[in-house]
Amino acid sequence: GLQTLSDKYDYTIYPNPTSGTTFIEVSAIQSAQAEVTLLTMQGKLISFENHQLKVGPNKLDLNTSELSSGIYLVRMVIDGNLVVKKLVKM
């Protein structure tokens, strides 16, 4: 099953709060697939993207410029490890 909050794949979202494009920085100890899902707080799917991570630091773009103001969830799954973080849109 999914393990939660693995230190192996912690990531940073910035700027947060955001007003336009948001970036996700994640360090990978090995190359891996990352599934990035953007959800409303009610769990409604906004976007889903697959990214190929390389070893070391990775910077992913998350297009949030069209979002209404509010709080969203960024859900990332890498190698079966799930980490969810909140993102505030101004």
Show every donor-acceptor pair shorter than 3.5 Å between a side-chain atom in residues 31-40 and any protein atom, with sequence neighbours excluded, or say none if there are none.
{"residue": "Gln33", "atom": "NE2", "partner": "Gln52", "partner atom": "OE1", "Å": "2.6"}
{"residue": "Thr40", "atom": "OG1", "partner": "Gln42", "partner atom": "N", "Å": "3.2"}
{"residue": "Thr40", "atom": "OG1", "partner": "Gly43", "partner atom": "N", "Å": "3.3"}
{"residue": "Thr40", "atom": "OG1", "partner": "Lys44", "partner atom": "N", "Å": "3.0"}

| field | With sequence neighbours excluded, residues passing side chain to side chain contact (heavy atoms under 4.5 Å, CB included) with Asn63 | value |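 Only Ser65 meet the side chain to side chain contact (heavy atoms under 4.5 Å, CB included) criterion with Asn63.
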Donor-acceptor pair, distance only, cut-off 3.5 Å: does the side chain of [X] make one with the backbone of [Y]?
{"X": "Lys86", "Y": "Tyr72", "value": "no"}
{"X": "Lys59", "Y": "Glu25", "value": "no"}
{"X": "Tyr11", "Y": "Val83", "value": "yes"}

Exercise: identify the closest heavy-atom pair between [X] and [Y]:
{"X": "Ile13", "Y": "Lys85", "value": "CD1-CB, 3.7 Å"}
{"X": "Gln30", "Y": "Asp79", "value": "NE2-OD2, 3.1 Å"}
{"X": "Pro15", "Y": "Thr22", "value": "O-CG2, 4.0 Å"}
{"X": "Lys54", "Y": "Ala28", "value": "O-CB, 3.5 Å"}

| said: Hydrophobic cluster membership, with links at side-chain heavy-atom distances under 4.5 Å among I/L/V/M/F/W/Y: are Val74 and Tyr14 in one? | reply: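 Hydrophobic grouping puts Val74 apart from Tyr14.
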Any chance you could measure [X], atom [atom1], to [Y], atom [atom2], to the nearest 0.5 Å?
{"X": "Leu62", "Y": "Phe23", "atom1": "CG", "atom2": "CZ", "answer": "10.0 Å"}
{"X": "Ile24", "Y": "Glu49", "atom1": "CD1", "atom2": "CD", "answer": "8.0 Å"}
{"X": "Asn16", "Y": "Leu87", "atom1": "CG", "atom2": "CG", "answer": "5.0 Å"}
{"X": "Leu73", "Y": "Leu45", "atom1": "CG", "atom2": "CG", "answer": "11.5 Å"}
{"X": "Ser27", "Y": "Leu53", "atom1": "OG", "atom2": "CG", "answer": "9.5 Å"}

| query | Can you check side chain to side chain contact (heavy atoms under 4.5 Å, CB included) on Leu82 and Arg75, steps first, answer last? | reply | CA-CA 7 Å; Leu82 168 67; Arg75 183 179 185 272; 3.4 Å; yes
